[in-house]
Amino acid sequence: MPYPLPPAARAWQEKTRRFVAEELIPHEVEAEMNGGLLPASLRQHHRRRAKEIGLHALAIPKALGGAGLTYLEQVVIQEEIGKVTNALGWCYDSTPPWMAEACAGSPHQMETWVMPNIRGERHECYAITEAEAGSDVDAIQATARREGDDYLLNGEKWHVTSANHADHFIFQAKIQGGAHAGSHSLFFVDMKTPGVTLVRTPAYSHNYADHHPIYRFENVRVPAANRIGEEGDGMAFTYDWFRYERLGIAARCCGAAARLIEEASAFARKRIAFGKPLADQQAIQFMLADSVSELWASRLITYRTAEEMDAGVDRKVSHAQCAIAKLSASEMANRVADRAVQIFGGRGYMRENVAERFFRELRVDRIWEGASEIQRLIIANGLYKRGQAQLIE
Ligand SMILES: Cc1cc2nc3c(=O)[nH]c(=O)nc-3n(C[C@H](O)[C@H](O)[C@H](O)COP(=O)(O)OP(=O)(O)OC[C@H]3O[C@@H](n4cnc5c(N)ncnc54)[C@H](O)[C@@H]3O)c2cc1C
């Protein structure tokens with residue numbers, strides 16, 4: 001039964017679906033076999049096509065040059081983008097909404113980073129996690145010490161996604177000294193600032209063109225004008241970012257599961273074993289039935305969470321709802337990927353097979369932007385403080 005999507009959301013879903021099926025999916029295996037890379041001309045073509053259909057700064061108001069979409073519209077787009085492996089769907093600029101809001105009071109920051117970011121001329125990456133601080137963000141050791149009109153930044157950041165395609169960091173540090181000592185702040189740090197060094201680029205399970213390197217910041221001097229918001233605002237901006245990303249992950253996981261169910265059931269219908277299609281075996285039917293049922297539940301949660309955000313739900317309620325969406329969809333997609341590999345049998349273990357690639361790629365969705373255990377803690381906290389009625393009724 002189709003979800004009662006508004007016509008505009010349905011139109012976004014259809015055109016993104018066509019783009020993904022016709023232009024991106026055909027290049028997955030080539031990307032997989034080349035460390036995630038496609039020829040530069042093809043990637044440029046994908047970026048151009050994405051922009052032509054309107055995939056650009058989806059969350060940014062039209063007045064600032066963005067697409068000004070609702071969260072529900074963004075979720076249906078993200079769901080389609082989630083259907084393609086090797087992050088080939090990361091082919092459009094997606095300035096996060098928190099950045100435009102946080103920097104609205106600073107014409108300098110809007111002109112230097114935010115507007116060029118929205119126009120697709122500049123690209124950010126997030127430097128929050130450290131070797132000794134991931135789930136426990138408050139354990140970060142990076143520091144920002146005020147010196148006159150500048151700050152001196154120090155620290156080492158891990159897993160900085162897309163740093164190889166970015167030209168500035170959003171660097172999170174604790175303020176050293178002064179009235180706000182120990183509180184968190186975010187800073188724009190241009191990549192070429194003296195004191196910034198690439199430590200190394202580790203290999204990960206997936207094959208993506210976007211890497212996750214480790215960067216060191218040694219006595220990096222930036223003007224105080226690079227600080228986003230006031231001293232101590234950092235965690236609030238980071239939570240805004242987490243909520244937005246968690247909803248996006250939930251949507252992409254639903255898309256991945258939908259694709260896997262399609263591919264696995266098509267295979268089960270044509271694969272003959274013991275004289276009949278695999279699809280006729282009850283064991284296979286059970287795996288597909290569980291997958292469809294779980295996908296529907298996660299999709300409904302994800303769409304409803306987006307609708308709540310569009311309706312202006314309280315931020316703290318939204319924090320728990322986004323955690324529920326991410327937890328439900330990421331755990332579901334991993335179960336679906338595991339079953340899909342099983343249905344494909346030996347083929348499901350080959351890198352040229354979509355189930356094998358998703359089996360590896362989806363694993364990180366239970367870890368990044370807050371691991372499943374952390375989502376559970378957030379949900380329990382929301383339940384104790386606000387009760388079921390406010391969260392899910
Ligand atoms: C591919 C990739 C890309 C990433 N991109 C970025 C990025 O761009 N920028 C960035 O800043 N970070 C990034 N991260 C970091 C990511 O957000 C962290 O890895 C994640 O938050 C988990 O932190 P951790 O790895 O330090 O694990 P830890 O915090 O050490 O946790 C290890 C395990 O213990 C569990 N655990 C921790 N605390 C508790 C608890 N209280 N109760 C129960 N279980 C607990 C966790 O759930 C996890 O399973 C990325 C990570 C990966 C793998």
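Counting starts at 1 for both ligands and their atoms, following the listed order. Worth knowing before you read on, the calculation uses all heavy atoms, side chains too, and leaves out hydrogens, waters and symmetry mates.
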Self-check item: Validation row, ring centre Phe169 to ring centre Tyr215 under 6.0 Å
Solution: yes
Quiz item: Where is the tightest heavy-atom contact between Ile53 and Trp12, given as atom of each residue plus distance?
Solution: O-CZ3, 3.5 Å
Quiz item: Is any N or O atom of Ser135, backbone or side chain, closer than 3.5 Å to an N or O atom of ligand 1?
Solution: yes
Practice problem: Work out whether the distance between some heavy atom of Val137 and some atom of ligand 1 is less than 4.0 Å. | Solution: no
Exercise. Go through the structure and list residues passing side chain to side chain donor-acceptor pair (under 3.5 Å) with His168, not counting sequence neighbours.
Key: none
Quiz item: Where on Ile128 is there a heavy atom closer than 4.0 Å to ligand 1, on the side chain, on the backbone, on both, or on neither?
Solution: both
Exercise. Check the angle between the aromatic planes of Trp98 and Phe237 and answer parallel, tilted or perpendicular using the 30° and 60° thresholds.
Key: parallel
Practice problem: Please find out if less than 6.0 Å separates the ring center of His211 from that of His165. | Solution: no
Quiz prompt | Atom indices of ligand 1, in the order listed, that fall short of 4.0 Å to a heavy atom of Tyr126 | solution = 7 (C), 8 (O), 9 (N), 10 (C), 11 (O)
Quiz item: Does the ring center of His206 lie less than 6.0 Å from the ring center of His212?
Solution: yes
Quiz prompt | Parallel, tilted or perpendicular, as decided by the 30° and 60° cut-offs, for the rings of Tyr244 and Tyr71 | solution = perpendicular
Quiz item: Counting only non-hydrogen atoms of the protein, does one fall under 4.0 Å from atom 23 (O) of ligand 1?
Solution: yes
Quiz item: Can you list the atoms of ligand 1 that are under 4.0 Å from a heavy atom of Trp368?
Solution: 1 (C), 2 (C), 3 (C), 4 (C), 17 (O)
Quiz item: Counting each atom of ligand 1 from 1 as listed, which ones have a heavy atom of Thr161 under 4.0 Å away?
Solution: 3 (C), 4 (C), 5 (N), 6 (C), 7 (C), 8 (O)
Quiz prompt | Part of Glu369 with heavy atoms under 4.0 Å of ligand 1, whether side chain, backbone, both or neither | solution = backbone
Quiz item: What are the atoms of ligand 1, with element, lying closer than 4.0 Å to any heavy atom of Leu377?
Solution: 41 (N)
Self-check item: Closest candidate by heavy atom, reference atom 7 (C) of ligand 1, pool Glu130, His212, His159
Solution: His159
Self-check item: salt bridge (Lys or Arg N to Asp or Glu O under 4.0 Å) contacts in which one or both residues fall within residues 150-159, not counting sequence neighbours
Solution: Glu130-Lys157, Asp150-Arg221, Glu156-Arg216
Quiz item: Given the protein's heavy atoms, is any one of them under 4.0 Å from atom 13 (C) of ligand 1?
Solution: yes
Quiz item: Within the structure, does at least one protein heavy atom fall under 4.0 Å of atom 32 (C) of ligand 1?
Solution: no
